[in-house]
Asker: 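For reference, the structure I am asking about is given below.
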Number of protein chains: 2
Amino acid sequence: MTIKLFIVDDHYMVIEGIKSLLRHEESIIWSGHARNAAFCLAELRVNQPDIILMDISLPDKSGIELCKEVKATYPSIYVIGLSTFNQQSFIKKMLESGASGYILKNATKKEILEALQTVMKGGIYLNYEVSNQLKSRTSVPFAVLTKREKEILKLISDGLTNVEIAEMLFLGTATVDTHRKNLLLKMGAKNSAMMVKLAIEHNLLPIGK
Amino acid sequence: MTIKLFIVDDHYMVIEGIKSLLRHEESIIWSGHARNAAFCLAELRVNQPDIILMDISLPDKSGIELCKEVKATYPSIYVIGLSTFNQQSFIKKMLESGASGYILKNATKKEILEALQTVMKGGIYLNYEVSNQLKSRTSVPFAVLTKREKEILKLISDGLTNVEIAEMLFLGTATVDTHRKNLLLKMGAKNSAMMVKLAIEHNLLPIGK
DNA sequence: GTGTCCTTCCCCTAAAAAGGGGATTTTTAA
DNA sequence: TTAAAAATCCCCTTTTTAGGGGAAGGACAC
């Protein structure tokens with residue numbers, strides 16, 4: 001699994017640091033970087049990465065804003081928040097804005113790779129300290145869903161039936177049915193209505209997006 | 001259920017197109033059409049339809065204005081917005097002006113009929129793309145639920161079936177069924193999964209329990 | 001005291017989901 | 001290279017929901 005990675009951070013050192021850390025990782029393809037939100041958006045117009053590591057504080061816009069905008073235009077790009085401090089309120093907002101994870105700037109190489117891989121598979125990554133602070137609701141990654149499952153979950157929450165989803169994704173209805181069953185299983189939901197509620201509670205479904 | 005339908009649109013093609021699409025629908029009774037707001041208002045003085053399909057941009061007045069005026073004079077007439085583009089700001093304004101729904105001009109026959117039937121029953125209809133864009137959470141006058149409905153909505157989101165809810169509230173299943181149907185109607189949801197999502201988005205369901 | 005809204009309950013049918021299996025291919029990770 | 005994991009598809013049955021009606025009593029307001 002190769003990951004096209006983009007970094008947005010106004011501190012040059014951070015960009016260099018991460019670059020350097022991941023230098024020898026063959027699975028990481030460098031997609032570029034930006035020092036502010038405007039540059040980031042401009043870059044995205046010509047080149048879309050798989051994942052963006054995004055600082056929470058940027059010179060021209062907050063990471064929360066930028067995250068929202070990016071997810072609105074490019075829903076398939078995953079965003080991972082990046083900051084020096086373990087600030088619960090920001091982390092929550094970031095996740096609520098569609099981010100798939102959050103890492104601290106003092107994260108180890110191993111942690112960063114773990115985060116990238118988890119997110120790339122459609123999961124939510126929060127490191128130990130972070131997830132410890134965010135109790136219960138907005139965070140706990142209680143189910144790791146695959147890309148396809150997330151895709152289908154979203155469509156279920158939009159009110160589509162298995163048949164409609166199958167048509168939309170060019171699949172057989174049996175396939176969608178299987179995915180729906182697996183989703184119910186993974187999330188421990190008794191039916192789709194409960195599943196949607198759980199998904200939103202655990203930020204597997206970005207709402208207001 | 002027959003529906004007396006009126007169309008206001010300055011594009012003749014649109015009027016013809018809709019007429020043509022619904023030609024064989026016996027439930028639709030043609031109440032007339034107008035190419036501008038003035039003609040529309042004149043027509044209404046002698047003949048009131050059940051529903052007006054109303055273009056957002058008219059030669060003499062915006063659909064938003066016209067909608068307000070129509071609803072002021074004839075509150076019982078339902079208005080459905082009609083436009084080529086999925087423009088969030090207009091849709092919002094249209095709904096705030098009293099419209100009961102919004103459809104795009106590339107809507108299918110099925111969608112149009114669905115919209116007409118939903119609205120005729122007092123519901124709100126927004127098609128898939130449109131409702132996806134409207135994240136408002138507050139500005140759009142969303143459903144007003146009764147106490148009982150809120151109670152049942154909560155239990156639905158917890159994954160309970162009609163039978164289970166009926167037992168819990170000492171009601172007949174038919175009663176719960178009726179409430180569920182009314183909830184779907186009021187919220188313009190196509191099924192319970194979508195309803196839960198909409199409810200959370202509009203703060204009708206406290207999440208995190 | 002008439003009318004509207006809420007709540008309660010009933011009929012019917014069709015569609016969809018849930019629950020239980022199983023199986024194959026492709027992709028990915030170790 | 002080999003073993004998971006993901007994604008695809010199929011069978012079956014039962015339960016639940018959705019969609020179309022209708023009706024009737026009670027509360028509250030105008």
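Just the heavy atoms: all of them, side chains too, but no hydrogens, waters or symmetry mates, feed the values below. Naming convention: chains lettered A, B, ... in sequence-line order (proteins, then strands); numbering from 1 in each chain. As the structure is a computational prediction, the values presented were derived from the model and not from experiment.
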Asker: Check the distance between D:dA5's P and A:Leu145's CG and give it to me in whole angstrom.
Answerer: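 Distance check: A:Leu145 CG to D:dA5 P gives 16 Å.
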
Asker: Could you tell me whether the side chain of B:Ile103 reaches within less than 4.5 Å of the side chain of B:Tyr125, counting heavy atoms only?
Answerer: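 In contact.
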
Asker: Do other residues, nucleotides or ligands put more than 12 heavy atoms under 6.0 Å from B:Tyr74 OH?
Answerer: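 Counting neighbours around OH of B:Tyr74, more than 12 heavy atoms of other residues, nucleotides or ligands fall under 6.0 Å, so yes.
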
Asker: Round to the nearest Å and state the distance from B:Ile152 atom CD1 to C:dT7 atom C1'.
Answerer: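 Going from CD1 in B:Ile152 over to C1' in C:dT7 covers 10 Å.
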
Asker: Send over the distance from A:Arg148 CZ to D:dA6 P, rounded to a whole Å.
Answerer: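 Taking atom P of D:dA6 as the reference, CZ of A:Arg148 is at 14 Å.
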
Asker: Within the structure, does a side-chain N or O atom of A:His179 lie under 4.0 Å from either OP1 or OP2 of D:dT8?
Answerer: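 Yes.
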
Asker: Tell me: CE of B:Met120 to C1' of D:dG20, nearest whole Å?
Answerer: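 Distance, rounded to whole Å: 15 Å.
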
Asker: Taking CG from B:Asn182 and P from D:dG22, how many angstroms apart are they, rounded to a whole number?
Answerer: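 The distance from CG of B:Asn182 to P of D:dG22 comes to 14 Å, rounded to the nearest Å.
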
Asker: At 4.0 Å (heavy atoms only), tell me whether B:Thr146 reaches a base, stays on the sugar-phosphate, or touches nothing.
Answerer: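 The residue B:Thr146 makes sugar-phosphate contact but no base contact.
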
Asker: Would you indicate whether the side-chain heavy atoms of A:Met54 and A:Ile80 approach each other to under 4.5 Å?
Answerer: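 No, every pair of side-chain atoms sits at 4.5 Å or beyond.
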
Asker: Would you mind reporting whether A:Lys190 and B:Asp158 have side-chain heavy atoms less than 4.5 Å apart?
Answerer: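 They are not in side-chain contact.
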
Asker: Apply side chain to side chain contact (heavy atoms under 4.5 Å, CB included) to B:Leu169 and B:Ile152, showing your working.
Answerer: CA-CA 9 Å; B:Leu169 300 181; B:Ile152 287 171; 3.9 Å; yes

Asker: Please determine, for the side chain of B:Ala174, which listed nucleotide (C:dT8, C:dC9, D:dT8) has the closest atom?
Answerer: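 Side chain of B:Ala174 sits closest to C:dC9.
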
Asker: I'd like to check A:Leu5 versus A:Pro49 (side-chain heavy atoms, cut-off strictly below 4.5 Å). Are they in contact?
Answerer: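 The answer is no, as the side chains (C-beta and beyond) never meet within the 4.5 Å cut-off.
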
Asker: For the pair made of CG in A:Leu113 and C1' in C:dA29, what is the distance, rounded to whole Å?
Answerer: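 In whole Å, C:dA29 C1' lies 14 Å from A:Leu113 CG.
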
Asker: Could you check how far CG of B:Leu155 sits from P of D:dT17, rounded to whole Å?
Answerer: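 That distance rounds to 12 Å.
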
Asker: Side-chain donor-acceptor pair under 3.5 Å between A:Ser31 and A:Asn47, yes or no?
Answerer: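 Judged by distance alone, the side chains do pair up.
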
Asker: How large an angle, rounded to 10°, do the end axes of the helix from C:dG1-D:dC30 to C:dA30-D:dT1 enclose when each is built from five base pairs?
Answerer: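 Axis-to-axis angle, ends of the helix: 70°.
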
Asker: Dump every N/O contact between nucleotides 27-30 of chain D and the protein below 3.5 Å, one line per pair.
Answerer:
none

Asker: Any side-chain heavy atom of B:Ile52 sitting closer than 4.5 Å to one from B:Val8?
Answerer: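 Sidechains of B:Val8 and B:Ile52: in contact.
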
Asker: In whole Å, I'd like the distance from the CD atom of A:Glu149 to the P atom of D:dA6.
Answerer: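 Value for this atom pair: 7 Å.
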
Asker: With a 4.5 Å cut-off on side-chain heavy atoms, are B:Thr161 and B:Glu167 touching?
Answerer: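 Contact flag for B:Glu167/B:Thr161 side chains = no.
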
Asker: Would you indicate whether B:Lys68, at its atom NZ, is surrounded by more than 12 heavy atoms from other residues, nucleotides or ligands within a distance under 6.0 Å?
Answerer: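 No, the 6.0 Å shell around NZ holds no more than 12 heavy atoms from other groups.
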
Asker: Please determine whether any donor N or O and acceptor N or O are separated by less than 3.5 Å between the side chain of A:Thr173 and the base of D:dC9.
Answerer: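 Absent.
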
Asker: So do the side chains of A:Leu22 and A:Ile112 get within less than 4.5 Å of each other, counting heavy atoms only?
Answerer: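 A:Leu22 vs A:Ile112: side chains touch.
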
Asker: Report the distance from atom CE of A:Met168 to atom CG of A:Leu160, rounding to the nearest 0.5 Å.
Answerer: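 It comes to 5.0 Å.
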
Asker: Tabulated below should be each protein N or O lying under 3.5 Å from an N or O of nucleotides 12-19 of chain C; please produce it.
Answerer:
unit_1	atom_1	unit_2	atom_2	d
C:dA17	OP1	A:Arg180	NH2	2.9
C:dA17	OP2	A:Asn162	N	3.1
C:dA17	OP2	A:Asn162	ND2	3.3
C:dA18	OP1	A:Ser192	N	2.7
C:dA18	OP1	A:Ser192	OG	3.4
C:dA18	OP2	A:Ser192	OG	3.1
C:dG19	O6	A:Lys181	NZ	3.4

